[in-house]
2 protein chains.
Amino acid sequence: MKIYLAGPDVFLPDAVEIGKRKVAICAAHGVSGLYPLDNAIDVSAGEVSLDIFKGNQAMMDAADAIIANLTPFRGPGADAGTAYELGYMAARGKLCLGYSNDPTIYAERVRRFTEVSSQDGHLVDAEKLTVEDFGLSDNLMLMHALDLHGCRLVTPRQAPADIWHDLTAFEACVRLAAERVASR
Amino acid sequence: MKIYLAGPDVFLPDAVEIGKRKVAICAAHGVSGLYPLDNAIDVSAGEVSLDIFKGNQAMMDAADAIIANLTPFRGPGADAGTAYELGYMAARGKLCLGYSNDPTIYAERVRRFTEVSSQDGHLVDAEKLTVEDFGLSDNLMLMHALDLHGCRLVTPRQAPADIWHDLTAFEACVRLAAERVASR
């Protein structure tokens, strides 16, 4: 089984190293991890970002599954690029797995960034935009995509000390994928 | 042509009204707008969020195209739920159109939320996470999905006074969709 390893990990200072660790964990469980190409592109080429896009899309097309790192990125919710990739894989009928190293629910997390108040029976932020309040970890499209196209979001009971480098929840997803292979 | 109208518009205080305006604009151009069900669910039902997910997915499956409102939502980038839906539609081979009422590029926008500095030749935020700096409006997966699966992101030259209610860029997308129908 080939698994596309999506997530904002590619934006970490040690993006290449974390990719190697993820691929090694996959190998230890008998599956193959495909880590996005962001760091393997010829930067002298003219259309770097387009090359990355095409590389990632080809990797997704080659993969049987996705493990999406949905740990909140630069705001209260998941990285939009990762969310795009989860949608892409769900639509292609691939196995969708995901984890977040932040175990809080979305509505609670929004409070870290903006004032949240109750209005007409639902939560709104400082801009008066509704705050999703279904007790889910993130936007319902992402959460239920996992429920219906794979497995429920994996989260730790408590956030690890280093949310970007702790791969315990990631490895739990790899184990779920490996079990699917074994049960075939 | 049926067009799925994705975006954080569903979180606006006047979410139903803006949906009606969008559907009316579609009709004026001879296409059919499908606005997400978020506001038409029986709230007495047990699994509200799952019902919304299934309703949205069924609407996407029924649609020939998507117009995604990628105006930055609760942070420097697009709403993750909308990004998911764009990925879903791209993977299904549907026509992908999108707009943002914020014409600035992503790297500039991140500066509104966090300190951005240059390190080893690339931009990083306060957490030392890389800031995409390709001169694009948002994450490259979203931007190039539009380029390759539809049309380039539509943005105004200047942000309108009301970024959530100005539908000029939205209407430009509807026009692009209608032209596709006419050219068939």
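Quick note on labels: first sequence line is chain A, next is B, and so on, each numbered from 1. Since the structure is predicted, the reported quantities are computational estimates derived from the model, not experimental observations.
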Can you tell me how far apart [atom1] ([X]) and [atom2] ([Y]) are? Round to the nearest 0.5 Å.
X     : Y      : atom1 : atom2 : value
B:Y84 : A:L86  : OH    : CG    : 5.5 Å
A:E47 : B:L140 : CD    : CG    : 11.0 Å
A:D14 : B:K128 : CG    : NZ    : 14.0 Å

Which residues in residues 71-83 of chain B have a heavy atom less than 4.5 Å from any heavy atom of chain A?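 So far as heavy atoms go, B:F73, B:R74, B:P76, B:A78, B:D79, B:A80, B:G81, B:A83 are the residues that approach chain A to under 4.5 Å.
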What residues of residues 95-110 of chain B sit under 4.5 Å from chain A when only non-hydrogen atoms are counted?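 Hits under 4.5 Å: B:Y106, B:V110.
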Is there a side-chain contact between [X] and [Y] (heavy atoms, below 4.5 Å)?
X      : Y      : answer
A:L136 : B:S49  : yes
A:E132 : B:F11  : yes
A:L148 : B:K54  : yes
A:F53  : B:D147 : no

Tell me whether [Y] is reachable from [X] by hopping between hydrophobic residues (I, L, V, M, F, W, Y) whose side-chain heavy atoms are closer than 4.5 Å.
X     : Y      : value
B:V16 : A:V124 : no
A:I25 : A:M1   : yes
B:M59 : B:V48  : yes

Enumerate the residue pairs fulfilling side chain to side chain donor-acceptor pair (under 3.5 Å) with a member in residues 150-159 of chain A, sequence neighbours excluded, ordered by first and then second residue. none
Top contributor to chain B contacts, counting heavy-atom pairs under 4.5 Å, from A:L50, A:L142, A:L12: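 Highest number of pairs under 4.5 Å: A:L50.
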One option among A:A126, A:G87, A:A145 has the most heavy-atom pairs under 4.5 Å with chain B, and it is A:G87
Heavy-atom pairs under 4.5 Å with chain A: which of B:D120, B:V131, B:D138 has the most?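 Going by pairs under 4.5 Å, I would pick B:V131.
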Highest number of heavy-atom pairs under 4.5 Å with chain A: which of B:M143, B:M141, B:Q57?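 The option with the most such pairs is B:M141.
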For A:M60, is it the side chain, the backbone, both or neither that has a heavy atom under 4.5 Å from a heavy atom of chain B? side chain
May I ask you to list the residues in residues 161-180 of chain A that approach chain B closer than 4.5 angstrom, counting heavy atoms only, ordered by number? A:W164
Contacting region of B:E127 [heavy-atom separation from chain A under 4.5 Å]: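 The side chain, not the backbone.
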